[in-house]
Visitor: 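What follows is a structure written as structure tokens; I'll ask about it next.
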Amino acid sequence: MFRVRLGDELEIEEEKIYATWLENHCFTFSRDQKYDENFIFVLPPPNANGELHLGHSFGYTIMDCIGRFQRQLGKNVLLLPGKDHAGIQTQVIFEKLLRDQGIDTTTLTREELYKRCYEFCIDRANYMRSQEKSLGLGADWNFELFTLDPRVSEIVLDTFIKLYEQGYAYRAERIVNWSIVSNTSISDIEVEHVEKPGTLFFIVYPWSDDIELEHEGDNYFDLEPDDVLNDAFLVKKLMNPPKRALIKGRKCVLHPVVKKLKSEEFLVYLPEVDLHKGITVATTRPETMLGDTAVAVNPDDVRYKNLIGREVTVPCINRKVSIIASPLVDPTYGTGALKVTPAHDFKDFEIAKQKNLQIVQVIGKDGLITQNGGKYCGLTIQQARQAVINDLKEEGLLVDTKEIVHFIPVSERAKDVIEPLVTDQWWIKVESLKEEALRRVKNKNELEVFPEEFRSLIIQWFERLEDWNVSRQLWWGHRIPAWYQNGDVISVSREVPDNASQDPDTFDTWFSSGQWAYSTLVAHNLLDLTACENWSHNYPTHLMVMGRDILFFWACRMILLGLYRTNRIPFKKLYFHGLILDEKGQKMSKSRGNGIEPKEVQSKYGTDVLRLSLLNGFTPGRDIRFGFSKCEPWSRFLNKLYNCAKFIKLNSGPETATNIIHPLCAELIRSTRTKCEEYKKGFEIFELSSVLDNIYTFFWDTFCDWYIEISKVLLKTPFALEQKTALKSAFEAILFMFHPFAPFVTEYLHTNFLGEKMLLAKKRFSDLTCYKLEVANSDYDMLSLFEIVRLLRRFKQFSTDQVDFFVEKSFNYEDDIVASLSRCNKCQSSDCNVEILVRTKKVFIKIRDIPVLKKELQKRLDAVEAQLERIEKLLKSDFSSKAPYEVVLKEKQKYEQLKIEKHELENQFASISGK
RNA sequence: GGGUGUUUAGCUCAGUUGGUUAGAGCGCCAGCCUUACAAGCUGGAGGUCGUAGGUUCGAAUCCUGCAACACCCACCA
């Protein structure tokens, strides 16, 4: 926990303040209230295997800020905290930890590993909870849950059992993304594509039988390409395009399919291929040829059309395979001939399914070549690749290589290269589930998304969603409740059948976190799943907040599973925040070394500065840049707040006025109330950043720079008591409004400087003094006071001599206030040499420095004339007839006012001329 | 290849449904130790709102093209 230093002498201990909040049950949720009185939101559970980073701090700050505001409204708020077991990620981290400690993981039983890892996670969770508390997170800790908590797992398993019973969960052998390092399958969404250099090998698969090739003459027309598409040339559409062309020195043939690019049509010319020895394929992974069961070409590809059905021999393994046609083959890429390895490539698997090809697995789950790989059996992928290349070279079948840059799939968690493999897995059939999800997500009444643009991302994701592989070959996670006898599933149930063995696999982490929105509520008896079928009442939660990076991982899955089990989207409002970038706009990461730890900021500036600088200037869904330079202004702000509190304390006593009569004091109360209302409105639509901006300006510019300065005069008059009351109640409201943003310092000042007995964290709108005071009506024009002071300040600034003034019709002490703020002296009107109309008031000024006066008057006159000219032009145009009446009227009124001002100024010029 | 977002002052960003003089913080210039605060106060300079068109009486704001940057998705071997 952190101490924050304010000014020279004040230190605030955040930990003590947090303890006080807990002691006073500031964050305690009471169960017995109605939906409308509650505000419940389930917090995203961070992975319990490390510590919180700045991104977590950002999210929590937003959530806590909203939670505190909802309490101010009088709501019964529950922020429900938790931690995620994070399957594969934790297993990777934990196994490495054991290895680093010299422990051989293979010597431990599964139960032992699980137990130790559970303890590890609980330990991390404890640490992370202390971090969450240090941020000021006002969660009800009695409700905290872990995703592997028995109360939660029970629900997760039940969901799977239900899915199985209703035919949504099934087992199938299919090609999946396989991580050799983690020894498990992973879902598409956990695969990243990383750009890396690689080599494209051109390999000849010789004809199995003798073949006679047709020869079609040598007429080639010279053509200039307009563009290049992979290995083919694009030429703008011609009237009678030649069948054969020489482009950039290469013999090409015309492809019968026209390519459309940006609404323009192009002819495609494919480079001719050498077919004498055999058919040439291109691949970056030569070792997979051991599992080739076909060579595929595009059915429209004229180069190969006549060869479909012929046989070639796959070198190294000497397997005879046919040339088949598939529209999935891109004729412009490589040679246009694709080696088909169904067991180790997604597209090839698809082709094999359509064409009923044999599937030969040559790479095992351990990453070694299988027995199907013949003499290469037992080699690693890299070794096999080298061996195959050497053998091909020897036989003269490797005809070309090309260095390319391509995207290779890697595991998001372990970062190792993904090998597509055919394995037996559990799947969730998503077809009908996603239809329902799409229908509901498109309905804006059912789900509000902040920012709204993100709704289309959710829709697109669902549209593309295919069956979900939910089994993982890991020991860390919810073990799948499927039971086998002789390799067959005999039951899926929480009951243990006799003589059966349990599926060794666990669920994909997202299968459990996808249920978090309701599993947490059910675990705490806030929701009854059995009542969900035909219910009409509201879903218990109101809001879900998360980073935009887990939109697909988490938000979509919660919608999918939430609809399945509760018949509702488990949140009414879904709010996404952006990610934290460094000052240069780059992602923070350990490898770049540009990350900032939350505690670095907290110990240097205090938690409130961290919160304020994160919340300042952000827009939902948009990433923000963060660096220490963002903290400085907020550090100054807290110092200002502290000094302001000091001033208020110095100028308040036990007595208070109940009736505010002086127009300036009344005006202060009124504008404070207005700010409170704006604050409320802004928060209700989650405009946290603009709310902060608004109250910042109110505090600094309006309250400190004007009202406190004004008070320095009024405090010496008989209006002192009501001035003190007004200042104190306005400052109370200011602390109240800043409290969700900067809870620690505001709480401290509230108790120690305002001397309030009630905790600020417990204060509601209805407790604010500014709403209770009786305030006299007045039509006082605050702006004219501001204008007069600013005018005099400018004269004073530029003038070499002193400036005196007299304000017409000034009310109680107004002239003293003007004198104090402008540092000019008041005098009698008769002593003055110039009079200026400021809004509704006339100010008489005595100024000896005539050139300065003239210059200033001229500046005003120029501005007025420019305005007049502008409006005249405007009124002469179609504006008067076509613009709405109110808008025209506003301009006309402005025009009249300006004309009077101009007249006055001209008179002044006349009176000083010659002086 | 598909999609989304961004482009406003020297820097970091606001700018709500189009309304006519575009805002803040930091930085810059000038002047102030005015007894809450020099981490402050006062005054000031600085922007043809990426570009080319269009709609409109009126565009930073709406539409279209273009450019640059960023991110996400995708099974080009």
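All values reported here derive from a predicted model rather than from experimental measurement. Chain letters run A, B, ... following the sequence lines, proteins first, then strands; residues in each count from 1.
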Visitor: Can you tell me which nucleotide in B/rA36, B/rG19, B/rG2 comes closest to the side chain of A/Asn643?
Guide: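 Output: B/rA36.
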
Visitor: Heavy atoms only, 4.0 Å cut-off, all strands: where does A/Thr288 land among base, sugar-phosphate and nothing?
Guide: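 Since no nucleic acid heavy atom lies under 4.0 Å of A/Thr288, the category is nothing.
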
Visitor: Assign A/Phe552 to base, sugar-phosphate, or nothing according to its heavy-atom contacts below 4.0 angstrom with the strands shown.
Guide: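 Sugar-phosphate: the residue A/Phe552, judged by heavy atoms under 4.0 Å, touches backbone atoms but no base.
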
Visitor: Rounding to an integer number of Å, can you tell me how far A/Arg548 CZ sits from B/rU6 P?
Guide: 12 Å

Visitor: Does A/Arg636 have a side-chain nitrogen or oxygen under 4.0 Å from the phosphate oxygens OP1 or OP2 of B/rC26?
Guide: yes

Visitor: Take atom C1' in B/rA59 and the same atom in B/rG3, then report the distance between them in whole Å.
Guide: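 Their C1' atoms lie roughly 28 Å apart.
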
Visitor: Using whole Å, report how far OH of A/Tyr605 lies from C1' of B/rA39.
Guide: 11 Å

Visitor: Side-chain contact, heavy-atom cut-off 4.5 Å: A/Glu350 with A/Lys353?
Guide: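 A side-chain contact exists here, since the closest heavy-atom pair is under 4.5 Å.
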
Visitor: Nearest whole angstrom, please: distance from the C1' of B/rG44 to the CZ of A/Phe795.
Guide: 16 Å

Visitor: Can you find a side chain N or O atom of A/Arg793 that sits less than 4.0 Å from OP1 or OP2 on B/rG43?
Guide: yes

Visitor: Using atom CG of A/Leu465 as one end and atom P of B/rA74 as the other, report the distance to the nearest whole Å.
Guide: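 From A/Leu465 CG to B/rA74 P: 11 Å.
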
Visitor: Does a side chain donor of either A/Glu583 or A/Ser629 reach within less than 3.5 Å of an acceptor in the other side chain?
Guide: yes

Visitor: Of A/Asp301, A/Asp231, A/Asn230, which meets side chain to side chain donor-acceptor pair (under 3.5 Å) against A/Thr332?
Guide: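 Of the listed residues A/Asp301, A/Asp231, A/Asn230, the side chain to side chain donor-acceptor pair (under 3.5 Å) partner of A/Thr332 is A/Asn230.
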
Visitor: Given the C1' atoms of B/rG44 and B/rC37, what is the spacing between them in whole Å?
Guide: 23 Å

Visitor: For this output row, return yes or no: ring centroids of A/His577 and A/Phe618 closer than 6.0 angstrom.
Guide: no

Visitor: For the pair made of CG in A/Asp623 and P in B/rA70, what is the distance, rounded to whole Å?
Guide: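 Interatomic distance, CG of A/Asp623 to P of B/rA70: 13 Å.
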
Visitor: Considering heavy-atom distances to RNA chain B, does A/Pro633 or A/Leu650 have its closest nucleotide positioned more toward the 5' end?
Guide: A/Pro633

Visitor: Which residue, A/Lys859 or A/Phe647, contacts RNA chain B at a nucleotide closer to its 5' end, judged by nearest heavy atom?
Guide: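 Result of the comparison: A/Phe647.
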
Visitor: For nucleotides 75-77 of chain B, list the nitrogen or oxygen atoms of the protein found under 3.5 Å from its nitrogen or oxygen atoms, one pair per line.
Guide:
residue	atom	partner	partner atom	Å
B/rC76	O2	A/Asp330	OD2	3.0
B/rA77	O2'	A/Ala282	O	3.3
B/rA77	N6	A/Asp330	O	2.5
B/rA77	N6	A/Tyr333	O	3.0
B/rA77	N1	A/Asp330	N	3.3

Visitor: Please set out all donor-acceptor pairs under 3.5 angstrom arising from side-chain atoms of residues 452-460 of chain A, sequence neighbours excluded.
Guide:
residue	atom	partner	partner atom	Å
A/Glu452	OE1	A/Arg455	NH2	3.1
A/Glu452	OE2	A/Arg455	NE	2.8
A/Arg455	NH1	A/Val441	O	2.7
A/Arg455	NH1	A/Leu447	O	3.1
A/Arg455	NH2	A/Leu447	O	2.8
A/Ser456	OG	A/Glu453	O	3.0

Visitor: How long is the gap from OG on A/Ser689 to CG on A/Leu614, to the nearest 0.5 Å?
Guide: 11.0 Å

Visitor: Starting from P on B/rG25, measure out to NZ on A/Lys640 and report it in whole angstrom.
Guide: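 Interatomic distance, NZ of A/Lys640 to P of B/rG25: 12 Å.
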
Visitor: Is A/Arg793 close enough and on-axis enough to A/Trp706, meaning under 6.0 Å and within 45°, for cation-pi?
Guide: yes

Visitor: Tell me whether the count of non-hydrogen atoms from other residues, nucleotides or ligands lying under 6.0 Å of CD in A/Glu466 goes above 12.
Guide: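 No, CD of A/Glu466 has 12 or fewer neighbouring heavy atoms, counting only those of other groups under 6.0 Å.
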
Visitor: With rounding to whole Å, what would you report as the distance between B/rG18 and B/rC62 at their C1' atoms?
Guide: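 Their C1' atoms lie roughly 8 Å apart.
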
Visitor: If I pick the C1' atom on B/rC66 and the same atom on B/rG25, what distance separates them, to the nearest angstrom?
Guide: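 One C1' to the other, the span is 34 Å.
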
Visitor: Give a yes or no on this: more than 12 heavy atoms of other residues, nucleotides or ligands lie within 6.0 Å of atom CD of A/Glu869.
Guide: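 Counting other residues, nucleotides and ligands, CD of A/Glu869 stays at 12 neighbours or fewer.
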
Visitor: Going by atom types only, do A/Ser635 and A/Glu632 share a side-chain donor-acceptor pair under 3.5 Å?
Guide: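 Result is no, nothing qualifies.
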
Visitor: Just to be sure I understand the geometry, which residues of residues 681-690 of chain A put a non-hydrogen atom under 4.0 Å away from RNA chain B?
Guide: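 Per residue number, the list is empty: none.
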
Visitor: Using a strict heavy-atom distance below 4.0 Å, which residues from residues 693-709 of chain A are in contact with RNA chain B?
Guide: A/Trp700, A/Cys704, A/Asp705, A/Ile708, A/Glu709

Visitor: Any donor-acceptor pair under 3.5 Å linking the side chain of A/Lys355 with the backbone of A/Ile324?
Guide: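 No: the side chain of A/Lys355 does not pair with the backbone of A/Ile324.
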
Visitor: Kindly confirm or rule out a cation-pi arrangement of A/Lys649 over A/Phe753, judged by NZ or CZ under 6.0 Å from the six-membered ring centre and within 45° of its axis?
Guide: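 Checked: cation-pi criterion met.
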
Visitor: Using the C1' atom as the reference point in each nucleotide, state the distance between B/rG10 and B/rA36 in Å, no decimals.
Guide: 33 Å

Visitor: Dot-bracket, RNA chain B: Watson-Crick or G-U, under 3.5 angstrom, [ ] crossing, | other strand?
Guide: (((((((..((((.....[...)))).(((((.......))))).....(((((..]....))))))))))))....

Visitor: Hey, what are the protein-to-nucleotides 56-63 of chain B N/O distances that come in under 3.5 Å?
Guide:
residue	atom	partner	partner atom	Å
B/rC57	OP1	A/Lys882	NZ	2.7

Visitor: I need the CD-C1' distance between A/Glu632 and B/rG27, as an integer number of Å.
Guide: 13 Å

Visitor: In whole angstrom, what separates A/Lys712's NZ from B/rC37's C1'?
Guide: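 Taking NZ of A/Lys712 and C1' of B/rC37, I get 9 Å after rounding.
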
Visitor: Taking the six-membered ring for Trp, are the ring centroids of A/Phe731 and A/Phe738 within less than 6.0 Å of each other?
Guide: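 So the answer is no for these two rings.
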
Visitor: Pick one: which of A/Thr280, A/Ile323, A/Val314 meets side-chain contact (heavy atoms from CB on, under 4.5 Å) with A/Tyr205?
Guide: A/Val314

Visitor: Suppose you measure atom C1' in B/rG2 against the same atom in B/rG23; what distance do you get, rounded to whole Å?
Guide: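 Roughly 38 Å separates the two C1' atoms.
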
Visitor: At under 4.0 Å, does any side-chain N or O of A/Arg622 touch on OP1 or OP2 of B/rU6?
Guide: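 Indeed, a polar side-chain atom of A/Arg622 lies that close.
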
Visitor: Is it true that a side-chain atom of A/Arg611 and a backbone atom of A/Phe741 form a donor plus acceptor pair closer than 3.5 Å?
Guide: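 Looks like yes, one N/O pair under 3.5 Å.
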
Visitor: Looking only at atom types and distance, does a side-chain atom of A/His750 sit under 3.5 Å from a main-chain N or O of A/Leu735, one as donor and one as acceptor?
Guide: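 No.
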
Visitor: Is the distance from OP1 or OP2 of B/rC72 to the nearest side-chain N or O of A/Lys587 less than 4.0 Å?
Guide: yes

Visitor: Can you tell me if A/Arg625 touches the phosphate of B/rU12, counting only side-chain N or O atoms and a distance under 4.0 Å to OP1 or OP2?
Guide: yes

Visitor: Nearest 0.5 angstrom please: A/Ile389 CD1 to A/Ile203 CD1, how far?
Guide: 7.5 Å

Visitor: Could you tell me how far B/rC13 sits from B/rG50 if I compare only their P atoms? Round to whole Å.
Guide: 15 Å

Visitor: Here's a test for you: under side-chain contact (heavy atoms from CB on, under 4.5 Å), which of A/Thr293, A/Leu338, A/Asp345 qualifies with A/Ile351?
Guide: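 Exactly one option meets the side-chain contact (heavy atoms from CB on, under 4.5 Å) with A/Ile351, and it is A/Leu338.
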
Visitor: Passes ring pair (Phe, Tyr, Trp, His ring centres under 6.0 Å), A/Tyr642 versus A/Tyr748? Steps please.
Guide: CA-CA 10 Å; A/Tyr642 157 61; A/Tyr748 184 87; 8.6 Å; no

Visitor: For atom C1', what is the distance between B/rG27 and B/rC33, given to the nearest Å?
Guide: 23 Å

